[in-house]
Amino acid sequence: MSLSKRISQIQPSATLGITSKARAMAKQGIDVISFGAGEPDFDTPDYIKQAGLDAIKAGKTKYTQSAGTLELRQAICDKLSSIDKIDYTPKDIIVSNGAKHSLYNIFQAICDKGDEVITVAPYWVSYVEMIRLAEAIPVILRPAEGEGFKITAESLAGAITSKTKAVIINSPSNPSGCLYTRDELYDIVCLLKGKGIRVISDEIYNRLVYDGLKAVSCASLGREGKDMTVIVNGVSKTYAMTGWRIGYIASNDTSLTSAIANLQDHSSSNPCSISQEAALAAISSDESSVSMMRDEFKKRRDYMVKRIKAMKSVSCLEPKGAFYCFVNVSVIGHDTLKIADRLLEDARVAVVPGEGFGCPGYIRLSFATSMKLIKEGLDRIEKWLKQ
Ligand code: PMP
Ligand code: GLU
């Protein structure tokens, strides 16, 4: 009995793969330090957990609207308006089972066989697989490390064809940590104006930006910017809620939001009702827990970057946001699957090989783990490099 061609072509997730390998080793009693999956090591704040418990007790355990409760969608609009200065109404919001699900739905909704979606390497592992699952073609732009791994309107122009359906902008980026400025995004919006191409703006790390910088959304760049942009975000990273599985899209294109609501009606139905109540508490609160986590991530970033810069044969750009260092190890080799394997076997440190992000020659180190483990893990890498 055979499987579909679509499903047979998808590659295993490099991020989730390395994490389960490291977890399996730890279970066997092996002392492994994981710089693998990007997930905040902080616990979900208590007031959010309490909202989940209260939801269970209050019997909020039934189906909700597939697109999410009105209260949650209104709270998302309020947050987008107060912090990002972009106005939406609840009909523009679709809540899903994590931002990953939101992205999957978008590609299903906008792509036909042979359509093209432009994505920038290093890209987050799941984009290309999700695009292929929609029978579309990922068109990959490869800005150099010297360009901060960022595309420009000019380089984007050369990749646009009559088949282009969308461009993914992930700022700050997983894995490079690069952050686009308002001017850079404005040039991209001007280029795309009138072309019928969407910007899929993955803003999942937009609250985790350092050095007083701010993440800008293309949707905040005038009428055209808002019309062409589909915002993707969620509570996983900002509120340390990865397991609760709540993500969302915001778009004023009602044909897109109704299509995705319809898709959810027939595929997943509503995201977990209890998680929605917890997400409501998270999104409606002030952002003090977010600033605490951001301050801690910044300390760890500074430490990790300093240590990497002091090591021979490796280097990295300073990430402006998210919680990863994307380390250039090309002096040692380009087969980073092998390098990551050796690091795990010899040094007992789990890292994600660049191949998963479309960038062999690099490894990704997550600093969403304690300072103590970061120090110990970097000591091990340094020693391994010397040997
Ligand atoms: N986009 C990026 C860039 C990510 O790193 C992640 C990490 N999981 C996601 C989307 C999806 O997040 P989630 O499904 O947990 O909301
Ligand atoms: N997004 C995180 C990462 O890049 C979590 C794992 C995943 O969903 O791929 O590590």
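The chain is numbered in sequence order, starting from 1. This one's a predicted model, so the numbers in the text were calculated from it and none came from an experiment. Indexing begins at 1, ligand by ligand and atom by atom, following the structure's order.
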Item to complete: Would you please say whether a donor-acceptor pair under 3.5 Å links the side chains of E318 and Y210?
Response: no

What does the N/O contact table under 3.5 Å look like for ligand 2?
unit_1   : atom_1 : unit_2 : atom_2 : d
ligand 2 : 1 (N)  : W124   : NE1    : 3.4
ligand 2 : 1 (N)  : K237   : NZ     : 3.3
ligand 2 : 4 (O)  : W124   : NE1    : 3.2
ligand 2 : 4 (O)  : N174   : ND2    : 2.9
ligand 2 : 4 (O)  : R364   : NH1    : 2.9
ligand 2 : 8 (O)  : K100   : NZ     : 2.9
ligand 2 : 9 (O)  : T15    : OG1    : 2.7
ligand 2 : 10 (O) : G38    : N      : 2.7
ligand 2 : 10 (O) : R364   : NH2    : 2.8

Worksheet item: Shortest non-hydrogen contact from P90 to R73?
Response: O-NH1, 2.9 Å

Worksheet item: Out of L16, N233, D202, whose heavy atom sits nearest atom 2 (C) of ligand 1?
Response: D202

Acceptor/donor pairs from residues 166-176 side chains to any protein atom, 3.5 angstrom cut, sequence neighbours excluded:
unit_1 : atom_1 : unit_2 : atom_2 : d
N170   : OD1    : N174   : N      : 3.0
N170   : ND2    : P172   : O      : 3.3
N170   : ND2    : D202   : O      : 3.0
S171   : OG     : Y180   : N      : 2.9
S173   : OG     : S176   : N      : 3.2
S173   : OG     : S176   : OG     : 3.1
N174   : OD1    : R364   : NH1    : 2.8
N174   : ND2    : Y205   : OH     : 3.4
S176   : OG     : C178   : N      : 3.1

Fill in: N170 N/O to ligand 1 N/O under 3.5 Å
no

Discussion item. Whether the side chain of S284 engages the backbone of L280 through a donor-acceptor N/O pair (distance < 3.5 Å, no angle test) should be reported.
Written reply: yes

Worksheet item: What residue and atom, counting heavy atoms only, is the protein's closest point to atom 8 (N) of ligand 1, and at what distance?
Response: K237 NZ, 3.2 Å

Fill in: Proximal candidate to atom 5 (O) of ligand 1 [heavy atom criterion; set N174, V232, I204]
N174

Item to complete: Would you mind checking which non-hydrogen protein atom is closest to atom 16 (O) of ligand 1, with the distance to 0.1 Å?
Response: A99 N, 2.7 Å

Response to the item:
Heavy-atom closest pair (A279 atom, V235 atom, distance to 0.1 Å) is CB-CG1, 4.0 Å

Discussion item. Quick one: does any side-chain atom of K320 pair with a main-chain N or O of L179 as donor and acceptor, under 3.5 Å?
Written reply: no

Worksheet, complete the sentence: If we number the atoms of ligand 1 from 1 as shown, the ones under 4.0 Å from a heavy atom of G98 are 14 (O), 16 (O)

Fill in: For Y205, the ligand 1 atoms whose distance to one of its heavy atoms is below 4.0 Å
3 (C), 4 (C), 5 (O)

Worksheet item: Is K62 close to S273 at the side-chain level, that is, under 4.5 Å between some pair of heavy atoms?
Response: no

Worksheet, complete the sentence: So the atoms of ligand 1 within less than 4.0 Å of a heavy atom of Y127 turn out to be 3 (C)

Practice prompt. For ligand 1, indicate whether the residue E39 contacts it via side chain, backbone, both or neither (heavy-atom separation under 4.0 Å).
Written response: neither

Worksheet entry | Location of contacts on T242 toward ligand 1, heavy atoms closer than 4.0 Å | neither

Worksheet item: So, are K163 and D112 salt-bridged, with charged N and O less than 4.0 Å apart?
Response: no

Discussion item. I want to know whether Y47 and Y239 have ring centres closer than 6.0 Å.
Written reply: no

Worksheet item: Just one of Y362, F326, Y324 clears the ring pair (Phe, Tyr, Trp, His ring centres under 6.0 Å) bar with F357, so which one?
Response: F326

Worksheet item: So does D379 pair up with K375, basic N to acidic O under 4.0 Å?
Response: yes

Worksheet item: So which protein heavy atom does atom 6 (C) of ligand 1 come closest to, and at what separation?
Response: W124 CZ2, 3.5 Å

Worksheet item: Is the backbone of T89 close enough, under 3.5 Å, to the side chain of D92 for a donor and an acceptor to pair up by distance?
Response: yes

Worksheet item: So which bit of Y248 gets within less than 4.0 Å of ligand 1, heavy atoms only: side chain, backbone, both or neither?
Response: neither

Worksheet item: Can a salt bridge be assigned to the pair K299 and E296 using a cut-off of 4.0 Å between side-chain N and carboxylate O?
Response: yes

Worksheet, complete the sentence: Quick look: R245 vs ligand 1, heavy-atom contacts under 4.0 Å, and the answer is side chain

Worksheet entry | Region of S236 that comes within reach of ligand 1 [heavy atoms, distance under 4.0 Å] | side chain

